[in-house]
Amino acid sequence: MIRTRFAPSPTGYLHIGGARTALYSWLYTRRHGGRFVLRIEDTDRERSTPEAVNAILEGMVWLGLDYDEGPFYQTERYERYREHLQRLLEEGQAYRCYCTRERLDRVRAEQQARKEKPRYDGRCRDLSAPPSDEVSDEPVVRFRTPLEGHVVVDDAIRGKVQFHNSELDDLIIARGDGTPTYNFTVVVDDLEMGVTDVIRGDDHLNNTPRQIHLYAALGVEPPRFAHVPMILGEDGKRLSKRHGAVSVLQYREEGYLPEALLNYLVRLGWSHGDQEVFTIDELVQLFDIDDVNHSASTFNPSKLLWLNQQHIMHAEPAHIARHLAPFLSARDVDPTEGPALEAVVRAQQERAKTLVEMAEASLFFYRRPAAYDEKAAKKNLTSESAGILEHCAHRFSGLPSWTGEEIHAVVTGAAETFDVKMGKVAQPLRVAVTGSTVSPPIDVTLELLGRDETVARVEAAAAWAQRPESQSPAE
RNA sequence: GCUCCCAUCGUCUAGUGGUUAGGACGCCGCCCUCUCAAGGCGGUAACAGGGGUUCGAAUCCCCUUGGGAGCGCCA
């Protein structure tokens, strides 16, 4: 059975790049009926924070990327690493290195000055006793990397990638204080957690040959690897916390649907013919890791926005209503007091790119506009339109029932009566009830708003339109 | 600097030796229209460059160029 994992380090929130990696792992696992494990790589105690852990967990929940096991915390697994470390030491596959940081820094600087690739020079590799000078009292443990030959990473996305062992050096697997480092903990965890497929960012491809050696030293077969390309910011640089990468939770705040974000992310590096819009179920059916592209891609906010609109348009109104409600509440509107939220959603569904937009554009359904938009009022609430508004208010009051059809008939009737175009009736009405020139079709809008509220607002607007100042001689 | 990865419209991509190089976002125009949208139609725009291989290369190979990543007692 396939087992994958997502292994973020809690040094910041869950951002776009991490979310896509998680998505790919998740989709791949769901597609093949495997198990998805969440592991928090918090061995960097300096920078890991509980807030970041929470932000990551919350991001996963919002995106709907559920995991079958975990979260496991590496800091709770030190015993496991210690055991393996001990074994490597005993078998001579690892050794203590007494070099001081100062010596290491100096060696590195010298190598760079000589335009060489910086790497450990192996001073302690074959020592039987600690060296006599420049000795650290807290020795680290290094892994004995083969000097000759090469390793091949058989990557599910990139194919075979070959590295010469001469390019590798003896990496530190345990710090001076005895705590294990990344390249060692991933290997131990992935093998102990039975991970069959390691799906991770491209930036780890260079670590993979070392890890393959570690697997060999521990006597196990390495998992299958899949290195997914990076996501670049609009400046072409790798997306990072410092570089324009925003938290996925920020997209929630900006009114994006999780399925839209996921849809956008999956298409960044993967495709299925010409299809652009996918449901999560479709993705689970169609996605496979070896179809992922080789090249890095650039984050394109306007396409994400379009996709969000697509998902808003095609989703069930009830689903959108659930996501929309908090945005209304945040604007001091109680969506249960006024037209049914689902009906409002239906009316707004194809004219909002985000839930924020939809909430803003729907406020007038729940409370009277504080003021008429200045330009809108000047153009539409005139002494001429006042008569039309009064006429409409009167007819609305007399309607046998309050339906869109009858409302529509009143509007078209008014246009005929006054011998004007539809716009000369609809727009003043729109300004009267919404305060602006934008809303769903006028009959739909008024029907939702209700007869009493409509008549009240239209009469108020008619009165406003007739006040002396609106015919100010300054015109 | 060294090693590794990558290279089709501005962006995301289809393409796997023979296509007028397709789609999508964006942008522009037109249509529809009570506003805003949505929708429809049309337009703009790409195979980084150079060598090969081949009857024939976006597709295969090499070089160059460009971009990215790694080279920590970070992950």
Side-chain angles (χ1 to χ4, degrees), chain A residues 7-11 41-44 46-48 74 97 99 101 104-105 108 111-119 136 138-142 153 155 157-158 161-164 166-169 171-177 179-183 185-186 201-209 227 229-230 232 234 236-238 264 267-277 293-307 309 313 348-353 361 376 380 408 411-412 415 421-431 434 436-443 445:
Chain A
S9 73
T11 54
E41 308 217 321
D42 54 352
T43 53
D44 183 354
E46 304 277 298
R47 292 188 293 172
S48 298
Q74 291 191 318
C97 169
C99 295
R101 290 174 197 259
L104 262 15
D105 288 344
R108 209 177 342 249
Q111 286 165 331
Q112 273 164 342
R114 268 181 268 127
K115 301 197 187 256
E116 284 170 16
K117 183 175 185 171
R119 73 239 285 192
S136 163
E138 281 202 319
V140 301
V141 177
R142 285 186 188 270
V153 178
D155 193 273
I157 295 174
R158 298 174 194 277
V161 183
Q162 181 176 291
F163 294 85
H164 290 279
S166 57
E167 290 298 329
L168 278 21
D169 65 354
L171 71 154
I172 292 173
I173 56 177
R175 304 182 179 92
D177 64 4
T179 59
T181 60
Y182 168 74
N183 278 295
T185 59
V186 255
D202 218 355
D203 46 342
H204 289 287
L205 184 56
N206 288 296
N207 288 324
T208 310
H227 288 93
M230 305 269 82
L232 275 20
E234 283 180 288
K237 291 269 185 275
R238 177 191 162 181
Y264 177 73
R267 281 285 288 101
L268 228 42
W270 175 87
S271 61
H272 180 70
D274 287 340
Q275 189 171 348
E276 296 288 350
V277 182
N293 283 165
H294 296 185
S295 51
S297 45
T298 307
F299 191 77
N300 180 193
S302 64
K303 184 148 182 185
L304 168 60
L305 192 60
W306 174 79
L307 264 175
Q309 181 178 36
M313 271 192 297
Q348 301 282 214
Q349 235 168 342
E350 63 184 29
R351 60 199 90 235
K353 289 186 163 67
N380 297 291
H408 188 75
V411 176
T412 50
K421 290 190 176 179
M422 268 281 275
K424 287 283 180 195
V425 181
Q427 282 304 79
L429 283 171
R430 188 143 20 224
V431 177
T434 72
S436 79
T437 55
V438 176
S439 87
I442 197 65
D443 45 356
T445 302

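Computed from heavy atoms alone, side chains included, the values below leave out hydrogens, waters and symmetry copies. Residue numbering restarts at 1 for every chain, and letters A, B, ... go by the order of the sequence lines.
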Euclidean distance for P, C4(B) against C62(B) (whole angstrom): 13 Å
Watson-Crick or G-U wobble partner of C2(B), both distances under 3.5 Å: G70(B)
Between U11(B) and G67(B) - P atom distance, rounded Å: 14 Å
Euclidean distance for P, A57(B) against G18(B) (whole angstrom): 11 Å
Rounded interatomic separation in angstrom, taking CG from Asn183(A) and P from A75(B): 9 Å
Protein-nucleotide distance (Tyr264(A), atom OH; C12(B), atom P), rounded to Å: 8 Å
Whole-Å P distance, G39(B) and C25(B): 8 Å
ring-ring contact (aromatic ring centres under 6.0 Å, His included) against Phe163(A), all qualifying residues, sequence neighbours excluded: none
Separation of the P atoms in C6(B) and G10(B), to the nearest angstrom: 22 Å
Pairwise C1' distance, G23(B) and A45(B) [rounded to whole Å]: 14 Å
Sugar-phosphate only, base, or nothing, as touched by Thr412(A) at under 4.0 Å among non-hydrogen atoms: nothing
Candidate nucleotides U11(B), G68(B), A75(B), ranked by approach to the side chain of Thr298(A) - the nearest: U11(B)
Between N or O atoms, less than 3.5 Å apart, protein on one side and nucleotides 18-23 of chain B on the other: list the pairs.
unit_1 : atom_1 : unit_2    : atom_2 : d
G22(B) : N2     : Asp274(A) : OD1    : 3.3
G23(B) : N2     : Glu276(A) : OE2    : 3.0

Contact letters for nucleotides 27-44 of chain B, in which S counts primed atoms plus P, OP1 and OP2 and B counts the base, heavy atoms under 4.0 Å: -------BBBBSS-----
Which residues share a side chain to side chain donor-acceptor pair (under 3.5 Å) with Asp202(A), sequence neighbours left out: Arg158(A)
Sugar-phosphate only, base, or nothing, as touched by Phe163(A) at under 4.0 Å among non-hydrogen atoms: sugar-phosphate
Atom-pair distance (CG on Asn206(A); P on C71(B)), nearest Å: 8 Å
Most 5' of Ser295(A) and Arg119(A) on RNA chain B, judged by nearest nucleotide: Ser295(A)
Sugar-phosphate only, base, or nothing, as touched by Arg114(A) at under 4.0 Å among non-hydrogen atoms: nothing
Sugar-phosphate, base or nothing in reach of Gly269(A), heavy atoms under 4.0 Å: sugar-phosphate
Listed nucleotide nearest any side-chain atom of Met230(A), set A75(B), G68(B), U3(B): G68(B)
Touch class at under 4.0 angstrom, heavy-atom based, for His204(A) against every strand present: base
Residue pair Thr437(A), Val431(A): steps toward the side-chain contact (heavy atoms from CB on, under 4.5 Å) verdict: CA-CA 6 Å; Thr437(A) 55; Val431(A) 177; 4.2 Å; yes
Which residue lies more 5' along RNA chain B, comparing Lys117(A) with Asp177(A) via nearest heavy atoms: Lys117(A)
Main-chain N/O of Ile172(A) paired with Thr181(A) side-chain donor or acceptor, under 3.5 Å: yes
Whether His294(A) side chain and Pro229(A) backbone form a donor-acceptor pair below 3.5 Å: no
Donor-acceptor contact present, side-chain Tyr264(A) to main-chain Asn300(A), <3.5 Å: yes
Assigned partner base of C27(B), Watson-Crick or wobble definition, under 3.5 Å: G43(B)
Any donor-acceptor N/O pair, Glu46(A) side chain to Ser48(A) backbone, under 3.5 Å: no
Pairwise P distance, A7(B) and U13(B) [rounded to whole Å]: 11 Å
More than 12 heavy atoms of other groups within 6.0 Å of Gln162(A) CD: yes
Sugar-phosphate, base or nothing in reach of Val161(A), heavy atoms under 4.0 Å: sugar-phosphate
Separation of C2(B) P from Glu116(A) CD (nearest whole Å): 11 Å
For Glu138(A), all residues meeting side chain to side chain donor-acceptor pair (under 3.5 Å), sequence neighbours excluded: none
Parallel, tilted or perpendicular, as decided by the 30° and 60° cut-offs, for the rings of His204(A) and Tyr182(A): tilted
Sugar-phosphate only, base, or nothing, as touched by Asp42(A) at under 4.0 Å among non-hydrogen atoms: nothing
Asp155(A) CG - C6(B) C1' separation (whole Å): 13 Å
Inter-nucleotide P distance (U3(B), U8(B)), Å rounded: 24 Å
Between P of A75(B) and CG of Asp202(A), the distance in whole Å: 20 Å
Below 4.0 Å: OP1/OP2 of C73(B) and any side-chain N or O of Ser136(A): no
Short side-chain N/O contact from Asn293(A) to OP1 or OP2 of U13(B), under 4.0 Å: yes
Any residue meeting side chain to side chain donor-acceptor pair (under 3.5 Å) with Thr208(A), in chain and number order, not counting sequence neighbours: Arg200(A), His227(A)
Distance, rounded to the nearest Å, where Ile157(A) contributes CD1 and C5(B) contributes P: 14 Å
Thr179(A) side, atom OG1; Gln74(A) side, atom CD - distance, nearest 0.5 Å: 11.5 Å
Atom-pair distance (NE2 on His294(A); P on A69(B)), nearest Å: 19 Å
